[in-house]
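Read the structure below first, then the notes.
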Amino acid sequence: MEMGKQIKRLRTEQGISQETLAEKVYVSRQTVSNWENDKNYPDINSLLRMSEIFHVSLDILIKGDVEKMKEKISLGDRKAFEKESNIFAALFAAVVLTPVPLVHFLSYAGIGIWVILSAVTFWFAGKVEKSKKAFDIQTYKEIVVFTEGKCLDEIEKAREEGKRPYQKILLAAASALIALAAASLMMWILK
């Protein structure tokens, strides 16, 4: 559970308004609203005051439902994701490395084989992306932690979500460069 949702849940359970909580914690109502909407995080003094106001430990206030946070990703989900990822990686490598040899040796039949291989690769890419979306993992660090059966804490998760747009751009650029280099190498070898 995100910290903002946890603060809001505890506040509403105790029938405290944002304004009342703000007065008790010595901050503005807007600050409480920002916490609840995950726009920023409370400082340690505010966390201590809220733990006293809500009569919960800091651990529960920060982490939320401790049992839910300890829940591990199932081994079956991890194995299925790893299998799909490995198949996709092998197919992607084949799509990048085989177009020039296929066309050179098999002409139009080679183009057909490559198109079918590409279609299967795109289908597996869709499966991998669907799994990534279902488990909310996008960056390399999130994927590694997922395959280990662990979860990132809220601050690490926020940092990784901030990296996502940049990593997608870099991934696209790197893929294009790899494809160009592989095609150039194959053309050079086959001359």
Hey, what do you get for [atom1] ([X]) to [atom2] ([Y]), rounding to the nearest 0.5 Å?
{"X": "E13", "Y": "K8", "atom1": "CD", "atom2": "NZ", "value": "13.0 Å"}
{"X": "F81", "Y": "I137", "atom1": "CZ", "atom2": "CD1", "value": "4.0 Å"}
{"X": "R159", "Y": "K141", "atom1": "CZ", "atom2": "NZ", "value": "7.5 Å"}
{"X": "L10", "Y": "M50", "atom1": "CG", "atom2": "CE", "value": "9.5 Å"}

Shortest non-hydrogen contact from [X] to [Y]?
{"X": "Q18", "Y": "S33", "result": "NE2-CA, 3.7 Å"}
{"X": "V25", "Y": "R49", "result": "O-NH1, 3.4 Å"}
{"X": "I7", "Y": "W35", "result": "CD1-CB, 4.1 Å"}
{"X": "S46", "Y": "V27", "result": "OG-CG1, 4.1 Å"}

Original post:
For A22, does its backbone N or O pair with a side-chain atom of R29 as donor and acceptor, under 3.5 Å?
Top reply: no

Original post:
Who else is in L185's hydrophobic cluster (ILVMFWY, side-chain heavy atoms under 4.5 Å, direct or via others)?
Top reply: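 Same cluster as L185: W188, I189.
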
Subject >> From CA spacing to verdict: salt bridge (charged side-chain N to carboxylate O under 4.0 Å, His left out), E160, K163 >> reply: CA-CA 5 Å; E160 291 303 309; K163 293 178 185 177; 3.0 Å; yes

Subject >> Other residues, nucleotides, ligands: >12 heavy atoms within 6.0 Å of K132 NZ >> reply: yes

Original post:
Is atom CD of E19 surrounded by more than 12 heavy atoms (other residues, nucleotides or ligands) closer than 6.0 Å?
Top reply: no

Original post:
Side chains of N34 and T31: is there a donor and an acceptor less than 3.5 Å apart?
Top reply: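 The criterion, which ignores hydrogens and geometry beyond distance, is not satisfied for T31 and N34.
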
Subject >> For T20, side-chain hydrogen bond (donor to acceptor under 3.5 Å, both in side chains) partners two or more places apart >> reply: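 Here the qualifying residues are S17.
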
**OP:** Walk me through it: do K133 and E129 pass the test salt bridge (charged side-chain N to carboxylate O under 4.0 Å, His left out)?
**Re:** CA-CA 6 Å; K133 190 171 195 168; E129 285 302 314; over 6 Å; no

Only pairs under 3.5 Å count here: list side-chain donor-acceptor contacts from residues 92-108, not counting sequence neighbours, and write none if there are none.
residue: T98; atom: OG1; partner: A94; partner atom: O; Å: 2.5

